[in-house]
Amino acid sequence: GTGCAAAISAAEAGAKVILLEFAPVLGGESALCVGSVTAPLSSLQKKLGITDSVQAYIDNMLEITGVNRSRQNLEILRLLAENGGATIDWLLGLGVQLAGPFEYPNHKVLRMHMLMPNSAAWPKVLQPIMEQKKVEILLETKGVELYHDCNNRVLGVKAVEQGSKKTIAIKAKRAVMLAAGDLAGN
C-alpha cells in the first residue's frame with residue numbers, strides 16, 4: 001500500500017516512476033494488515049459532524065501510549081495528524097473504498113477508517129491506477145544497493161530480478177523513495 005501510494009503520488013507530480021516489489025504480487029505489508037487507519041479530519045468524519053483536530057489527535061495518541069509515550073516519534077505523529085484525513089480523502093478520490101469512521105479503543109472521537117472489503121483490496125484498486133499513470137512495476141525484483149555520489153546523495157538503485165538473477169541499474173533523475181513495513185516498526 002505505501003509503495004503503491006507513493007508511486008501514484010510521484011506519478012501525479014510528473015515523475016517517471018519505477019516500483020520494485022520483491023514479492024510476486026503487489027501488496028506487501030499492507031495486504032497482510034487489518035486494513036484500518038486512524039486519522040483526524042477526513043471528509044468521512046466531517047460528513048458525520050465529528051469535531052476533531054490535529055492537536056486533539058496527537059494528545060489522544062500520546063494518552064493512549066501511556067508509559068510508552070517517550071518512545072513516540074512526535075514528528076511522525078504530527079505528520080500523520082496533519083495529513084491523515086487528507087490522505088483518506090485522496091484514497092477515496094482514487095476509488096479506494098473506505099468505511100467509517102468507527103469507534104476505536106481509547107479514542108475520544110470516531111477516527112477508525114476501514115478498507116473495504118478487506119486489506120487485500122489495496123493492490124486490486126491501486127495497480128490499475130499505477131498502470132494508467134504509466135508507473136513501471138517490476139515484480140519479483142529486489143532493490144539490493146543504493147548508488148550514491150561522494151556526498152552520499154542517492155543517485156539510483158541496483159536491483160536484481162529474482163528468477164533470472166539479472167542485475168538492473170536504475171538511475172534516478174529526481175529521487176529514490178523507499179517504502180517498507182509499517183509505522184509500528186519505526
Side-chain angles (χ1 to χ4, degrees), residues 1-15 17 19-22 26-94 96-116 118-119 121-123 125-126 143 146 148 151-155 157 172 174-186:
T2 303
C4 295
I8 292 168
S9 183
E12 287 178 343
V17 180
L19 183 136
L20 304 178
E21 173 59 63
F22 180 66
L26 291 174
E29 188 82 17
S30 296
L32 304 173
C33 72
V34 174
S36 61
V37 179
T38 60
L41 306 173
S42 73
S43 61
L44 296 175
Q45 265 191 324
K46 291 171 188 168
K47 190 186 301 183
L48 294 177
I50 296 168
T51 302
D52 205 354
S53 72
V54 168
Q55 194 58 51
Y57 180 83
I58 291 170
D59 292 344
N60 199 179
M61 292 299 289
L62 291 174
E63 182 182 314
I64 289 169
T65 57
V67 297
N68 291 317
R69 181 182 186 139
S70 64
R71 295 180 59 205
Q72 282 287 337
N73 183 320
L74 296 179
E75 188 175 334
I76 291 176
L77 181 57
R78 177 162 295 280
L79 188 68
L80 176 60
E82 291 174 346
N83 296 285
T87 301
I88 294 290
D89 294 345
W90 178 73
L91 289 167
L92 289 167
L94 291 175
V96 175
Q97 293 182 346
L98 293 151
F102 301 106
E103 286 186 40
Y104 194 69
N106 301 312
H107 280 261
K108 295 182 179 178
V109 298
L110 303 179
R111 291 189 181 120
M112 180 57 63
H113 302 76
M114 295 293 298
L115 180 65
M116 302 306 286
N118 55 43
S119 61
W122 286 114
V125 173
L126 298 181
L146 295 174
H148 59 87
N151 296 315
N152 284 326
R153 180 179 180 273
V154 176
L155 304 172
V157 178
R174 290 198 256 171
V176 171
M177 182 175 294
L178 302 176
D182 62 6
L183 181 63
N186 182 36

Participant: Quick one, Arg78 with Val54, criterion side-chain contact (heavy atoms from CB on, under 4.5 Å). Give me CA distance, side-chain angles, the key distance, then yes/no.
Facilitator: CA-CA 7 Å; Arg78 177 162 295 280; Val54 168; 3.6 Å; yes
Participant: Specify the closest pair of heavy atoms between Leu126 and Ala5, including all atoms of both residues, with the distance to one decimal.
Facilitator: CD1-N, 4.4 Å
Participant: Can you spot which of Leu115, Val96, Val125, Ile8 makes a side chain to side chain contact (heavy atoms under 4.5 Å, CB included) with Leu91?
Facilitator: Val96
Participant: Have a look at Arg111 and tell me which of Ile50, Asp52, Val37, Leu41 forms a side chain to side chain contact (heavy atoms under 4.5 Å, CB included) with it.
Facilitator: Asp52
Participant: Would His113 and Ser36 count as a side chain to side chain donor-acceptor pair (under 3.5 Å) if you check the C-alpha gap in whole Å, the side-chain angles of each, and the deciding distance to 0.1 Å?
Facilitator: CA-CA 6 Å; His113 302 76; Ser36 61; over 6 Å; no
Participant: Does one side chain, of Gln55 or Asp59, offer a donor that lies under 3.5 Å from an acceptor on the other?
Facilitator: yes
Participant: How about Leu98 and Met116: do any of their side-chain heavy atoms sit closer than 4.5 Å?
Facilitator: no
Participant: Just verifying a value: how many Å separate Tyr57 OH and Glu82 CD, rounded to the nearest 0.5 Å?
Facilitator: 12.0 Å
Participant: Can you tell me how far apart CG (Leu44) and CZ (Phe102) are? Round to the nearest 0.5 Å.
Facilitator: 9.0 Å
Participant: Do you see a donor-acceptor pair shorter than 3.5 Å between the side chains of Ser43 and Asp89?
Facilitator: yes
Participant: Give a yes or no answer on whether the side chain of Asn60 reaches the backbone of Lys108 with a donor-acceptor pair at less than 3.5 Å.
Facilitator: yes
Participant: Could you tell me the separation between the CZ atom of Arg69 and the CG atom of Leu62, rounded to the nearest 0.5 Å?
Facilitator: 4.5 Å
Participant: Just to verify, what does Gln97 make a side-chain hydrogen bond (donor to acceptor under 3.5 Å, both in side chains) with, not counting sequence neighbours?
Facilitator: none
Participant: So, does Asn151 use its side chain to make a donor-acceptor pair with the main chain of Arg153 at under 3.5 Å?
Facilitator: no
Participant: Search all heavy atoms of Pro40 against all heavy atoms of Ala81 and return the closest pair with its distance.
Facilitator: CG-O, 3.4 Å
Participant: So which atom in Ser53 and which in Ala56 form the shortest heavy-atom distance, rounded to 0.1 Å?
Facilitator: OG-N, 2.9 Å
Participant: Which distance, rounded to the nearest 0.5 Å, do you find between the CG of Leu80 and the CD1 of Ile58?
Facilitator: 9.0 Å
Participant: For atom CE of Met114, is the number of surrounding heavy atoms from other residues, nucleotides or ligands below 6.0 Å larger than 12?
Facilitator: yes
Participant: Quick one, Gln45 and Thr51 - any side-chain contact, counting heavy atoms below 4.5 Å?
Facilitator: no
Participant: Can you name the closest pair of heavy atoms from Gly84 and Ala39 and give their distance?
Facilitator: C-CB, 3.6 Å
Participant: Treating Thr87 as the side-chain partner and Asn83 as the backbone partner, does any N or O pair qualify as donor plus acceptor under 3.5 Å?
Facilitator: yes
Participant: If I take atom CG from residue Leu146 and atom CG from residue Asn152, how far apart are they, to the nearest 0.5 angstrom?
Facilitator: 10.5 Å
Participant: Give me the atom names and distance for the closest heavy-atom approach of Leu48 to Pro101.
Facilitator: CD1-CD, 3.6 Å
Participant: Under a 3.5 Å distance rule, please check whether Asn68 uses its side chain to pair with a backbone N or O of Arg71 as donor and acceptor.
Facilitator: no
Participant: Got a second to check how far Gln72's CD is from Met61's CE, nearest 0.5 Å?
Facilitator: 6.0 Å
